[in-house]
Structures are given as structure tokens and as C-alpha cells.
Protein chains: 2
Amino acid sequence: AIVASHINLVYRNGGEEFNALQDVSLTVKSGEVHLLMGPSGSGKTTLLSILAGLLTPTRGQVNLLGEEITQLSRSRLAAFRLKHLGFVFQGFNLFPALTACENVEVAFHLKGVPQARKHAIELLDQVGLADRCNHRPQDLSGGQKQRVAIARALAGNPQIIMADEPTAALDSQNGHAIITLLRNLAKTSGRTVLIVTHDPRILDVADRVTDLEDGKVVTKAKLG
Amino acid sequence: AIVASHINLVYRNGGEEFNALQDVSLTVKSGEVHLLMGPSGSGKTTLLSILAGLLTPTRGQVNLLGEEITQLSRSRLAAFRLKHLGFVFQGFNLFPALTACENVEVAFHLKGVPQARKHAIELLDQVGLADRCNHRPQDLSGGQKQRVAIARALAGNPQIIMADEPTAALDSQNGHAIITLLRNLAKTSGRTVLIVTHDPRILDVADRVTDLEDGKVVTKAKLG
Ligand SMILES: Nc1ncnc2c1ncn2[C@@H]1O[C@H](COP(=O)(O)OP(=O)(O)OP(=O)(O)O)[C@@H](O)[C@H]1O
Ligand SMILES: Nc1ncnc2c1ncn2[C@@H]1O[C@H](COP(=O)(O)OP(=O)(O)OP(=O)(O)O)[C@@H](O)[C@H]1O
Ligand SMILES: [Mg+2]
Ligand SMILES: [Mg+2]
């Protein structure tokens, strides 16, 4: 469901150039829980952003569900992402002016799904936050913001879920619940789940792991 | 070095009230590595903010290094914090317009320590980021921002270090380096180190643990 071929990414800031990804290729099948791991600064967020169409690679192709997203126009890419992709940002990226419920409802509205409020409350309940519905991000703890971001990414049942360190701010019980939730999406609903993580607990539910180091793939361990 | 007595904190937003901390007391000695653990939303960030004088408790007292900080005027409290406390925020709180080096240098300037640039580079080197000196936060990875925040908190050798989940964004190798760094500050330099964490790896270097659940202290396990 996800095929990345020969991805290269150079960041250019003023006169400086930094080659963050070198010849990275990756394949993730539907129904699979795939982990992307590696040291801080190794290029994981950069790669995930490219796979989600949020960043254009300097070289290489990305194919999602049969679509060459690197070839799509900006508006067609935006529509594709809205329809097929749920993305959890490393920094959560919640809308600060909206409550937890509104942050999730907006995703349903954008997708034209009716009864947005009802569905938003159900999703927040799934991540243990039904009682935080009316709180804005500034009035939420770190782990609560993270869970709102996860709920928002799951709105509308996207076929592909990409999550950048979705348990980083969570204790073991909440982290376990999220890991189980993500695993079930892949195994019982056939979604494709790609998770960037430093969390060794997630290895238990992973089918495969891709390791990055200094912008290159170094290991592809098949575990399952 | 840190004594909190009967801390109570009620958040009031418009008509709503939320009692985030109920009758919390805590003692941390100098030379000690003390962990504050508990589920997401249990009140850890709230408590740390009160202990650091960043938030005023609804009831209760906080004594740092013999000083009743809850009694100090705002300006005297600010001066006290600058002199004695290094604080690592859960969200890093870096100055977005400044580079990594400048973020750390500013701390030295504020404390009147000469040769700020030289010291800033040394600290960034200690957290593995000497080569990111001239990058601004938007051009840094999550774990790199976290390490800059840690370096900034250590500027000027503060007597007390409080860190809110300082390894959340770090892989095992970088996480281990930070844990070792914090431990040595307590053990070889006699500082007081209070760490909020979900990271079980940090238990290895901890002397004592305080567990929070729903705003109350539930366990004080002495490990050492
Ligand atoms: N400004 C605020 N107004 C209202 N409620 C708040 C505010 N800040 C925090 N809270 C609530 O207080 C509780 C404790 O928050 P706190 O940030 O201290 O939790 P935490 O233990 O640090 O959690 P985490 O592990 O997720 O970071 C949470 O339920 C949170 O929703
Ligand atoms: N906008 C940018 N300009 C220049 N360099 C960048 C930019 N964004 C990221 N980098 C650099 O690219 C490298 C990879 O960053 P990336 O965010 O992908 O790492 P990561 O693997 O997600 O790290 P972490 O585990 O710390 O989140 C880092 O060295 C970072 O400093
Ligand atoms: Mg990252
Ligand atoms: Mg917190």
C-alpha cells in the first residue's frame, strides 16, 4: 500500500545544504504494522513527511494505494490525503483555538461525514478523553494533546495511518491502549499502519521494522 | 533542597473548575535523583510548574534551598529562579527566532556569565549537537530540540534541575546519555535533580520515586 523508491532529500537553508535522506526505499503492505526506527536526527520525520506528501523529495517516487503522489497536483494531493490518510504529527499540531472535540470534528466536517460531534466524542472516548471534550490544547496535558492528535488522525476511517512517535508523551497504560488500538486497525480492519517510534513496547505488535541511520536504511528485520 | 507541603491546585477556566492537585507533599534532598511518575493527566507538569515557581498553588508552600518561594515577590522569584534553577519544559519552549547556540547563550548572558558562546558550544557538544549550533528550532528534529532545551537548562550550573519528560523524544542511545548526564550532576556535583518521566530506563539511576494519580501522591518507593 506504500511504496517509496530511491528517496533523496536535501534541506537547503540560505547557503547551507544538508542531505537528510539518501536513496531510501521502503514497502509497506496493507494489514501491516510497520515501524520506522532510528536515532534522533536520523531522518524519520523527514521520511514520514515525504511518504505523506507533506514534503517533496529532492529525488525519488512515492506510491500510495497505487497512486504516484509525487506526480499529483497540490489540490489533487490534498484531496487524496484527506480521503485516504490519517497523520499524527510529532508535535501534535492541534488547532489552538478549538477544543478537543472541535479539533476532531473538523476532520469529519472536511471529509463530509455527518454527525461529526457524535463521532468525535466516540473517538475521544476510545483514547480515554471523553471528559476533556471542551478543553482547548493549552488546558490539556502533554499526553492528552497527543491522544487528541491520534483521535483526529483516525477520523473518517482512513486507509493509511502514519504516526510520528504516537506514544512519546504517554505512560505505560495509555501507551499500551494506543498501541493496541493501532494494531487492531491494521489486523481487524486491514489498514496500513506506519509508526515512527523510539518506544520498544511497540515492537511487540510490529510485523516489520525499517531502521534509519544518518538518512540511510540500515536494517530491515522481519519479525512476525 | 526541595520541600513541598500540602499543595493544592485548582484550575479555573470561565465557569469550570478542575482540582488538578490535592494535598501533595514532597521532599527532595540535594545529591538526589528523584522521579515523579504517573499516568497522563495525573498532575505531574502542574506540580513541577508549582515547584519551579512558574505557577502559584491554590494552597500550600514550596521551599527551595531554604527559601519560601511562595512568599517571594515576582521579581525576587524571577531572580531566584535564574540563579538556582534549570528547567526543561515538556514542550521545550525554545526561542524560535534564535539558533541552538543562541538559545543556550542567552541563558549565560542572563546570568552574567562571560564567554557565553564558548560555554554554549561546550554544552551543546555534551548533548551531541555541536554541529547544529546555527540551526533554528524549525530546522531541528524533535529529539534535537529536546536536547537544546536540556543544554539551556544546564547553563550556569544551577543547583536545582527540574526536567519534564527530558527523554520523551529520544532514542535509547541519546536517552541513555542524557540520563547519565543528569545522574552525574546529582552524584558528582551534588545538585538536586527532579525528573518527571514515563521512561522506565530512568528508574536505574533514581534514588526515589513519587507516584501521582489523579492529583494525589499514591506511592513513595525508596529504591536506592
Ligand atoms: N490550564 C488548564 N486548565 C484546565 N485544566 C488543566 C490546565 N492544565 C492542565 N489541566 C488539566 O490538569 C490535569 C493535569 O495536567 P498535567 O499537565 O499536570 O498532567 P501530566 O501528569 O503532566 O500529564 P502528561 O503525562 O500527559 O504530560 C489534566 O487533566 C489537564 O487536563
Ligand atoms: N528544515 C530543516 N532544515 C535543515 N535541516 C533540517 C530541517 N529539518 C530537519 N533537519 C535536519 O535533518 C535531520 C533529520 O531530521 P528529522 O526531523 O527527520 O529527524 P528524526 O529522525 O525525526 O529525529 P527525532 O527522533 O529527533 O525526531 C536532522 O539532523 C535535522 O537537524
Ligand atoms: Mg522526528
Ligand atoms: Mg505533563
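Owing to the predicted nature of the structure, the values given are computational and were not obtained by experimental measurement. A note on names: the letters A, B, ... follow the listed sequences, proteins ahead of strands, and every chain is numbered from 1.
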Report the distance from atom [atom1] of [X] to atom [atom2] of [Y], rounding to the nearest 0.5 Å.
X     : Y     : atom1 : atom2 : value
A:L47 : A:L21 : CG    : CG    : 5.5 Å
B:L26 : B:I7  : CG    : CD1   : 9.0 Å
A:T46 : A:L51 : OG1   : CG    : 11.0 Å

Ignoring hydrogens and angles, tell me if any N or O in the side chain of [X] forms a donor-acceptor pair with the backbone of [Y] under 3.5 Å.
X      : Y      : answer
A:R191 : A:P158 : yes
A:R208 : A:E32  : no
A:R117 : A:C101 : no
A:Q146 : A:E165 : yes
B:T192 : B:I160 : no

Grab the two heavy atoms, one from A:T210 and one from A:H34, that are nearest each other, plus how far apart they are.
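Smallest interatomic distance, heavy atoms only, reads OG1-NE2, 2.7 Å.
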Might you point out which heavy atoms bring B:N8 and B:D23 nearest each other, and give the distance in Å?
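Shortest heavy-atom separation between B:N8 and B:D23 comes out as ND2-N, 4.1 Å.
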How about residues 118-131 of chain B versus chain A: which residues have heavy atoms under 4.5 Å apart?
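Within residues 118-131 of chain B, near chain A: nothing under 4.5 Å.
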Checking an interface table here. Which of residues 168-176 of chain B come within a heavy-atom distance under 4.5 Å of chain A?
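Those residues of residues 168-176 of chain B which have a heavy atom under 4.5 Å from chain A are B:A168, B:A169, B:L170, B:D171, B:N174.
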Pick whichever of B:M37, B:E16, B:R132 has the most heavy-atom pairs under 4.5 Å with chain A.
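Ranked by contacts with chain A, first place is B:R132.
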For the residue pair B:R59 and B:H6, establish whether any side-chain heavy-atom pair is separated by less than 4.5 Å.
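They are not in side-chain contact.
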Could you look at B:R147 and say if it's the side chain, the backbone, both or neither that has a heavy atom under 4.5 Å from chain A?
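Side chain of B:R147 only, per the 4.5 Å heavy-atom cut-off to chain A.
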Select one option (side chain, backbone, both, neither) describing which atoms of B:D164 are under 4.5 Å from chain A's heavy atoms.
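For B:D164, neither part sits under 4.5 Å from chain A.
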Report which part of A:S40 has an atom under 4.5 Å of a heavy atom belonging to chain B: side chain, backbone, both, or neither.
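For A:S40, heavy atoms of backbone and side chain both lie under 4.5 Å from chain B.
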What part of A:D199 is in contact with chain B, defined as an atom under 4.5 angstrom from a non-hydrogen atom: side chain, backbone, both or neither?
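For A:D199, there is no contact with chain B at all, as no heavy atom is under 4.5 Å.
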A quick test of your reading: do over 12 heavy atoms of other residues, nucleotides or ligands sit less than 6.0 Å from CG of A:D214?
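No, not enclosed.
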